[in-house]
Amino acid sequence: MEEQVKNKIIELIDVTKAYKDTVVIENINLYVKKGEFITFLGPSGCGKTTTLRMIAGFEMPTGGKVLLNGEDITHLPPNKRPVNTVFQRYALFPHLNVFENVAFGLKLKKVTNTYRNEAGDTYQKKEHLSKAEIAQKVKKALEIVDLEGFEKRSISTLSGGQQQRIAIARAIVNEPEILLLDEPLGALDLKMRKEMQLELKAMHEKLGITFIYVTHDQEEALTMSDTIVVMADGVIQQIGTPTDIYNEPKNVFVADFIGESNIFNATMIANRRVKFCGKTFDCVDDGFEKDELVDVVVRPEDIQMVAPEQGMLQAEVISVVFKGIHYQILAKVGKTEIEIQSTKQKAVGEKIGINIAPEEIHVMKKEFTVNRFDGSITKRNTMEFGDGEFECDVTQLYPNSHLDEDGYLITAKGEKLDLTDVEVNVEIGMNNITMTDKSEDGGAQGNIISMIYKGDHYRYIVRTENEEDYVLDSEDMWNENDYVGLIIPANKIKLTLKKPEDK
Amino acid sequence: MKKLYFSRKQLCIPYSVFLVLFVFIPMLLILVYAFTQEAADGSLYFSFDNFLNFFTNSSKLQTLGVSVTVSFITTFFCLIIAYPVAYILARSGWKHTYVLLMLFIMPMWLNFVLRITALRELLNIIGFLGKYDYVNTVIGMVYDFLPFMILPLYNSLQKLDQSLLEAANDLGAGDVHTFLHVTLPLSMPGILSGITMVFMPSMTNYVVSETLGNSNITILGKMIEEYFSTYDDMHMGSMIAIILLVIIFLTMLLSGGFKENADETSSRGANLW
């Protein structure tokens with residue numbers, strides 16, 4: 001532990017950032033070890049850039065502390081921090097040439113020189129670097145980024161890739177303790193990006209300083225980093241090495257964001273026994289309660305295809321795409337689609353068996369925020385989902401639309417649509433479902449299989465005959481195994497059209 | 001029915017006619033008048049007399065000196081008043097800056113003579129009128145031309161990329177250094193454009209100097225007007241006009257107003273002249 005503390009170059013403690021009422025960063029705690037290559041990874045708007053900007057000093061946290069080598073630098077302005085940034089769009093000074101850009105920081109720098117006076121006493125003086133020293137350092141920095149001899153060039157004559165390198169040279173020439181990189185490769189084309197990834201990695205090893213890198217590209221993060229911090233909605237989801245993050249994602253978000261994954265709704269039948277796709281599998285994850293609803297994540301490359309009779313699951317191949325090194329195969333098990341990556345080719349329509357090794361089944365706690373179902377519209381304003389039939393408002397699928405007398409939907413543009421059998425995603429908040437004794441009044445019926453006391457309310461799970469689960473909050477007390485009807489007001493059923501790739 | 005079709009060349013015709021009628025021919029006429037004198041029989045002969053006369057006549061040279069000085073002081077005050085205003089408006093990040101900007105620009109929409117007359121009354125009330133002719137003239141010109149300085153400055157400062165300021169900060173520059181080495185040079189196109197937009201009209205706009213300077217100040221514009229209408233000497237009037245044109249041309253040349261728009265990073269779009 002003690003050794004770890006010594007190694008921390010940057011530490012964020014309970015850091016929060018809010019603009020007016022919007023919280024962009026919520027109570028972040030993390031540390032960066034000296035000399036490591038750490039990447040903040042997440043979709044846009046997850047707060048990764050804001051976190052970086054707080055380390056750089058461009059943004060001040062609204063709560064918490066930023067420590068540099070154990071010292072509080074929370075409110076230190078950027079020019080007082082031993083940190084340099086490579087900006088997203090380079091931010092090179094257009095009125096200065098390459099040399100002047102790279103030398104910008106050096107000209108401001110003061111170093112302590114020791115002199116000896118006539119009496120032989122030494123004294124120290126803070127001085128700017130000499131012209132020759134600056135020129136020497138600029139030359140060296142340009143060599144590192146492979147642009148020697150570019151000193152006199154104007155910024156506007158450089159290509160994107162060259163500007164990128166100048167931006168890096170301008171930052172590293174100051175010999176910062178930490179180099180911050182804010183999506184520096186985002187504006188480059190794919191080939192250039194791959195090249196720069198490797199070069200940055202090599203540069204990191206050569207310079208031996210700490211790199212803090214921000215990207216939304218998971219592949220980039222996996223390629224370059226020692227440590228990855230996965231962020232979403234201003235909260236850290238997982239911190240770990242690329243291998244950890246890929247192989248042991250902590251939650252469904254991480255699994256989904258890093259690489260391809262199959263995510264199944266599942267139930268723990270017993271310890272190390274999990275049920276999904278209608279079958280029970282062995283798994284290796286402990287620490288779940290019996291009948292707990294969980295998410296199961298399986299990587300496409302971890303699924304084994306066997307002869308139909310040898311597989312736990314029987315599936316039918318519905319699409320095969322050649323990806324160079326492997327085939328990407330989509331197969332259907334009942335209603336569920338499974339993505340498989342394999343070097344074996346299969347034909348569309350072929351029946352296959354599927355096996356998954358226990359250690360490849362990653363069981364995760366389900367973060368329940370909302371009930372999600374796949375539904376289809378049966379007739380005007382009515383739809384089937386979750387083993388039931390409910391009234392709903394289909395006009396929310398198209399803005400400004402309305403229904404005509406015959407039940408056809410008229411869009412804002414006046415088009416007439418027949419929505420029968422259209423498949424939609426259904427979301428229902430846990431507060432919007434009520435239970436009733438008169439089960440026939442409900443749109444769906446089922447038994448209460450779980451109730452957990454949550455302090456001021458109970459959380460119930462109601463399971464229907466065909467094993468669809470509804471999760472709902474209620475202040476009323478019911479008993480386990482009660483048979484209830486579920487009532488959902490039409491305006492609380494949130495519908496969205498399925499995108500083509502969801503189907 | 002046949003569709004009307006104009007080639008690019010044909011579309012140019014009205015503009016060419018315009019240029020010939022209103023630019024080329026008048027310029028030529030002024031040039032001819034400036035370098036000729038009228039003989040007794042009414043015929044014109046080539047002469048440098050007007051040119052020599054202008055540069056040897058002390059009262060004309062004095063007028064030139066007054067014009068340049070007044071313009072220079074006006075431009076200077078416009079710049080030091082407009083820069084902070086434009087800076088605050090452009091960089092405040094406040095959503096409704098355009099309202100404030102409009103308030104600064106709005107006087108431009110009022111009738112010019114009305115504005116100056118109102119200002120004259122104001123100067124009269126505070127007792128400046130008739131006492132400080134030069135001060136009044138400069139006050140009037142600054143008041144009049146300030147929007148022409150604010151607008152191009154605002155434009156170039158607004159285009160200034162925030163990340164450049166952050167980059168300077170990041171590289172160790174404090175606020176003053178960042179301003180002097182990044183903000184100021186990058187707003188130079190706006191400054192130059194503002195200077196040309198203020199300097200040039202202040203050389204000629206004699207309505208202000210007449211009204212506020214109690215007719216005690218003669219600037220070049222006034223002198224041209226006198227030669228054309230009072231003395232009926234179009235030759236001398238044209239010569240002064242040509243000299244003014246050359247001065248303006250030289251200031252533009254010095255301030256880089258003719259530079260090609262080589263790279264889009266310099267926001268020369270702010271140059272309205």
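The chains referred to below are lettered A, B, ... by the order of the sequence lines, with proteins before strands, and numbering in each begins at 1. Hydrogens, waters and symmetry mates are skipped; everything else that's a heavy atom, side chains included, is used. Because the structure is predicted, anything quoted here is derived from the model rather than measured.
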For chain B, which residues of [range] have at least one non-hydrogen atom nearer than 4.5 Å to it?
range                       : value
residues 101-114 of chain A : Phe104(A), Gly105(A), Leu108(A)
residues 74-92 of chain A   : Pro78(A), Asn79(A), Val83(A), Asn84(A), Thr85(A), Phe87(A), Ala91(A), Leu92(A)
residues 167-182 of chain A : Arg170(A), Asn174(A)

Does CD belonging to Gln10(B) count more than 12 external heavy atoms closer than 6.0 Å? yes
With a sphere of 6.0 Å drawn around CZ of Phe24(B), does it hold more than 12 non-hydrogen atoms of other residues, nucleotides or ligands? no
Is a side-chain N or O of Arg91(B) found less than 3.5 angstrom from the main chain of Leu160(B), in a donor-acceptor match?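 Checked: pair present.
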Return the minimal non-hydrogen interatomic distance between [X] and [Y], and the atom names on each side.
X         : Y         : answer
Lys17(A)  : Thr50(A)  : CG-CG2, 3.9 Å
Thr39(A)  : Ser225(A) : OG1-OG, 2.5 Å
Leu212(B) : Gly140(B) : CD1-CA, 3.4 Å

Distance in Å, [X] [atom1] paired with [Y] [atom2], rounded so as to fall on 0.5 Å steps:
X         : Y         : atom1 : atom2 : value
Phe40(A)  : Cys46(A)  : CZ    : SG    : 10.0 Å
Asp144(B) : Thr137(B) : CG    : OG1   : 12.0 Å
Leu157(B) : Ile88(B)  : CG    : CD1   : 11.0 Å
Leu165(B) : Leu186(B) : CG    : CG    : 8.5 Å

Could you check whether any side-chain heavy atom of Glu36(A) comes within less than 4.5 Å of a side-chain heavy atom of Lys33(A), counting everything from C-beta outward? yes
Does the side chain of His128(A) come within less than 4.5 Å of Ile134(A)'s, by heavy atoms?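 Counting from C-beta outward, Ile134(A) and His128(A) never come under 4.5 Å.
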Test salt bridge (charged side-chain N to carboxylate O under 4.0 Å, His left out) on Glu143(A) and Lys139(A); report intermediate values, then the result. CA-CA 6 Å; Glu143(A) 268 167 29; Lys139(A) 191 166 176 265; 3.7 Å; yes
In terms of ring plane angle, is the pair Phe22(B) and Phe18(B) parallel, tilted or perpendicular, where the classes change at 30° and 60°?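 Ring orientation, 0 to 90° scale: tilted.
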What is the ring orientation for Phe37(A) with Phe211(A), classed by angle as parallel under 30°, tilted 30 to 60°, or perpendicular over 60°? tilted
Testing the 3.5 Å rule here: is there a donor-acceptor pair between the side chains of Tyr213(A) and Glu220(A)?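 Tyr213(A) vs Glu220(A): donor-acceptor pair found between side chains.
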For chain A, which residues from residues 169-177 of chain B lie under 4.5 Å away (heavy-atom distances)?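 Hits under 4.5 Å: Asn169(B), Asp170(B), Leu171(B), Gly172(B), Ala173(B), Gly174(B), His177(B).
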